[in-house]
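Counting starts at 1 for both ligands and their atoms, following the listed order.
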Amino acid sequence: MTKIRVAIFASGTGSNAVNLIRFFKNHDSFEVAFVLSNKADAPVLESSQNLGIPTISCSNREVGEAGFLTNICRAENIDWIVLAGYLRLIPTDLIEAFSNKIINLHPALLPKYGGKGMHGRNVHQAVIANRETESGITVHFVNEEFDSGRIIAQFHCSLDENDTIESLEVKISYLEQSYFPVVVQTTLLNQRHE
Ligand code: GRF
């Protein structure tokens, strides 16, 4: 059977992109076709290359242009796009071309703590400032607005008054590393069999 071709988009460190690449390495059903970043100096590019995955570096202007990302993904015969710390809005034409085939990982329990500017430490800072007793991660489909597509799965962690932005970051990273690749795998395989 032909493998499902996955593109990963990432803007930063890439701990989740690397985790996905490792998880899908030598997988029977999937292959990571490339990692694309809108930041030429994003560490995710080098980490991915070190794992033998081709990378594509683009400017913010390019990734916002209608047709640009869609053309790349079509040319590479991509089936699914996974956003792993990708910080740009996805253009409408790409969402239409890959309807319900783009997945994002968010480091909080959506619909709380989502939307423009809610990424990375900003999220954890807001969660701690509001003295939440829990946080977690959300895996969801991507639509035209930041963090508002249909939720696929959520995983929780508890917080107490001693938690800091740093300790919350550790808890969230643990959940992401433990669950994200498995949720991606299940979602993609379920759709293949629908
Ligand atoms: C992760 O916390 C993810 O939930 C969010 O961006 C962060 C990316 O981290 N979307 P990394 O680049 O994968 O280390």
| Residues Thr55 and Gln49: side-chain donor-acceptor under 3.5 angstrom |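 The criterion, which ignores hydrogens and geometry beyond distance, is satisfied for Gln49 and Thr55.
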
| request: Could you tell me whether Glu76 and Arg5 have a side-chain N and a carboxylate O separated by less than 4.0 Å? | output: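 Yes, charged N to carboxylate O under 4.0 Å.
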
| Does Ile151 sit in a hydrophobic cluster with other residues, and if so which ones, taking ILVMFWY side chains as linked at heavy-atom separations under 4.5 Å, directly or through other members? | Leu110

| query | Would Glu169 and His124 count as having a side-chain donor-acceptor pair, cut-off 3.5 Å? | reply | no

| request: Could you verify whether a donor N or O on one side chain and an acceptor N or O on the other, from Ser158 and Glu134, lie under 3.5 Å apart? | output: no

| remark: The residue among Asn122, Asn130, Asp147 that forms side chain to side chain donor-acceptor pair (under 3.5 Å) with Tyr113 is Asn130

| said: Just to be sure I understand the cut-off, which residues have at least one non-hydrogen atom under 4.0 angstrom from an atom of ligand 1? | reply: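 Lining ligand 1 at under 4.0 Å, by heavy atoms, one finds Thr13, Gly14, Ser15, Asn16, Gly85, Leu105, His106, Pro107, Glu176.
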
